[in-house]
Amino acid sequence: GVCRRCYAALEAAALRGPLGALPAEARSLGRRASPSAAPAAAAAFGSALGSAFGSAFGGRVGGGAVAAARAVSSASAPSEAHPPAPDAFQLLTEAARLLRARSTGGDVAAAGGSADWEAWCALSDRASTLLRLAAGAAMPAAAGPLARLLDAIAQADLHPSQRAMLAFPKAFRRELASSQEALAQLSDDELCLAWGALDRLQLLDKQTSLHLYKVAVSVETGGAQRCSRFSLRNWLHAGTGLREFMKYHPLYMEFSEALVLRLLVERSADLQRRGLQLEALHVVSRMTRLSSRQVHRITAQVLALLPSLSPPELATVPKLCARAGLQDEGLFASVTEQLGSAWAFLDVRDLVSVWRSVLRWRVGPPGLQRSSAQGVSEALMASWSASPPPAAAVVRQLRALGRLDATQLRGPKADAQGGLGGLLDFGGGGGGWGEEAAAEEGRRAVTRALSACLAALPPTLPSMQASELLLAVNALGQVARAWSWLSSGGGGGRSSTAPF
């Protein structure tokens, strides 16, 4: 395998001419090496490659390159004392395949969530083995590919409890925290990827964030800080990792404030041209509490972006509005209108995100605020009354409503039972929802949405496949367990007037 990859890379780089002295037997080994002949093929190809480099390029190629070419045999041949270690790039390839299969509904997605989870577990175990073998002097060389693997794990569609069970992310965090040299050897892309991935995996502690910050602001040859050459994409990844930075390290808050200014004002046009403005707004809203001027600026930018957003991007807008405190009535009307035409194109994960967000998003002037969930549920019923939804859309909506119990929001007074009451009722003090009327609005909204789904269910039953029917029944069972207030008069002694 090493021989084939090396020879293909040389041919692709148009180096076959200068390497014309490469023996024919080595070329044939590079093209047709079998697994059983891998050690001999690697030895022949590596030796010939080193000789060819030395004769073709003479003194222009350093001894390190020739030695690296001749080291193919030692890197590929197995040893009794040192068994073959997992290849970091092979692990990256498998992680990319898992992500692609999940997004396109390929073999892994078709096999079910358990198969996906087992594949990520096996990948994490192999990466932990590679990390253990690379610890110490070899860690700086292996840190780059492993940082990209960490970002792939952060992108995986796994539950937080499943991510916490993976051994590799925690082991990688420990190595970075204990090895400043490994951090310094990371490229700009790898440093920022690791920064953002650790935060998404909820592994970015105070010490690790400080190490990453010091590497980013380290002064290089010429007197410039390393972060001065970060690309916009790198700044977005780094900004993801700065979510708790101002709380952990208030002495360095100017770093976060400068990034907010860069993303909101200085590079706003560049971000819009590259299609990164919505992601930048999410990063900014997570980093700091916004001023009224920044809220107005973000409101205007979101209004300008709405017509060009895809359905998955549109599903993240309510979350942005709830986190940033965007209470403009005109923005809410525009978001609701766009959501009304995108319901049928959202998958279950996007729908869950929408419902979680609108239950937290309050709109209107102070003193007259209301829940945005009511307008969203009305938009859903209006779109379905205008044109009957397909069976798949009804099933996805039912599954999203059934998952509301499993996707609790972090409120100041979340229900200890973890039910939908904890999702909606956050009490009257300490910056929570406020009045009981707000929670009742949320109950009415999700109940109307459930009523619309149940009304649309009978006409679509004949066209449902067996798997869709099973998912619909499972979602109804989740609703029956989680939404106890439907039959208990509101739960906790409260009287509910929800139309159900």
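All values reported here derive from a predicted model rather than from experimental measurement.
In this structure, the side chains of Arg444 and Gln374 stay at 4.5 Å or more apart for every pair of heavy atoms. Taking the side chain as every heavy atom from C-beta outward, Ser451 and Leu454 never approach each other to under 4.5 Å. Put simply, the side chain of Thr460 does not reach to within 4.5 Å of the side chain of Pro390, judged on heavy atoms. Residues Leu201 and Leu150 meet the side-chain proximity criterion, which asks for heavy atoms closer than 4.5 Å. Looking at heavy atoms from C-beta onward, Leu281 lies out of side-chain contact with Leu271 at the 4.5 angstrom threshold. A 4.5 Å side-chain heavy-atom check between Arg163 and Pro169 finds every atom pair outside the cut-off. Side-chain contact between Val354 and Trp343 is present, with heavy atoms from C-beta onward closer than 4.5 Å.
Formation of a donor-acceptor pair under 3.5 Å by the Glu337 side chain with backbone atoms of Ser334 is not found in this model. Distance alone, capped at 3.5 Å, places no donor-acceptor pair between the Lys319 side chain and the Arg356 backbone. Ser124 places no side-chain N or O within 3.5 Å of a backbone atom of Trp120 that could act as its donor or acceptor partner.
For Arg289, the side-chain contact (heavy atoms from CB on, under 4.5 Å) test picks out no residue, with sequence neighbours left out. Not counting sequence neighbours, the partners of His249 by the ring-ring contact (aromatic ring centres under 6.0 Å, His included) test are Phe245. Applying the side chain to side chain donor-acceptor pair (under 3.5 Å) criterion to Arg267, with sequence neighbours excluded, gives Asp270. Listed by chain and residue number, nothing satisfies the salt bridge (charged side-chain N to carboxylate O under 4.0 Å, His left out) test with Glu468 (two or more places apart in sequence, or in another chain). Scored by the side-chain contact (heavy atoms from CB on, under 4.5 Å) test, Arg297 finds Leu264, Val265, Gln301 as partners (sequence neighbours excluded).
In summary, the side chains of Ser128 and Asp125 do not present any donor paired with an acceptor at a separation below 3.5 Å, with no hydrogens or angles considered. In summary, the side chains of Asn234 and Ser231 do present a donor paired with an acceptor at a separation below 3.5 Å, with no hydrogens or angles considered. Under the 3.5 Å distance criterion, with hydrogens and angles disregarded, a donor-acceptor pair is assigned to the side chains of Gln397 and Trp355.
With respect to the salt-bridge test (charged N to carboxylate O, under 4.0 angstrom), the residues Arg274 and Glu279 do not qualify. Classification of Arg173 and Asp205 as a salt-bridged pair holds, one side-chain N sitting under 4.0 Å from a carboxylate O. A salt bridge links Glu190 to Arg148: at least one charged side-chain nitrogen sits closer than 4.0 Å to a carboxylate oxygen. Salt-bridge annotation for Glu94 and Arg126: present, with a side-chain N of the basic residue lying under 4.0 Å from a carboxylate O of the acidic one.
Between Leu91 and Leu149, the shortest heavy-atom contact is O-CD1, 4.0 Å. Nearest heavy atom pair, residue Ser353 against residue Ser357, reads O-OG, 2.7 Å. Nearest heavy-atom pair across Ala344 and Arg396 is O-NH2, 2.7 Å.
Ring pair Trp195/Tyr213: centre-to-centre distance not below 6.0 Å.
The number of heavy-atom neighbours closer than 6.0 Å to CE of Met165, taken from other residues, nucleotides and ligands shown, is 12 or below. Heavy-atom contacts from other residues, nucleotides or ligands closer than 6.0 Å to CD of Gln465 number 12 or fewer. Other residues, nucleotides and ligands contribute only 12 or fewer heavy atoms inside 6.0 Å of the NZ atom of Lys214.
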Could you tabulate the donor-acceptor pairs under 3.5 Å formed by side-chain atoms of residues 255-262, not counting sequence neighbours?
none

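Atoms SG and CG, from Cys453 and Leu380 in turn, are 6.0 Å apart once rounded to the nearest 0.5 Å. Between the NE2 atom of His282 and the CG atom of Leu276 there is a distance of 12.5 Å, given to the nearest 0.5 Å.
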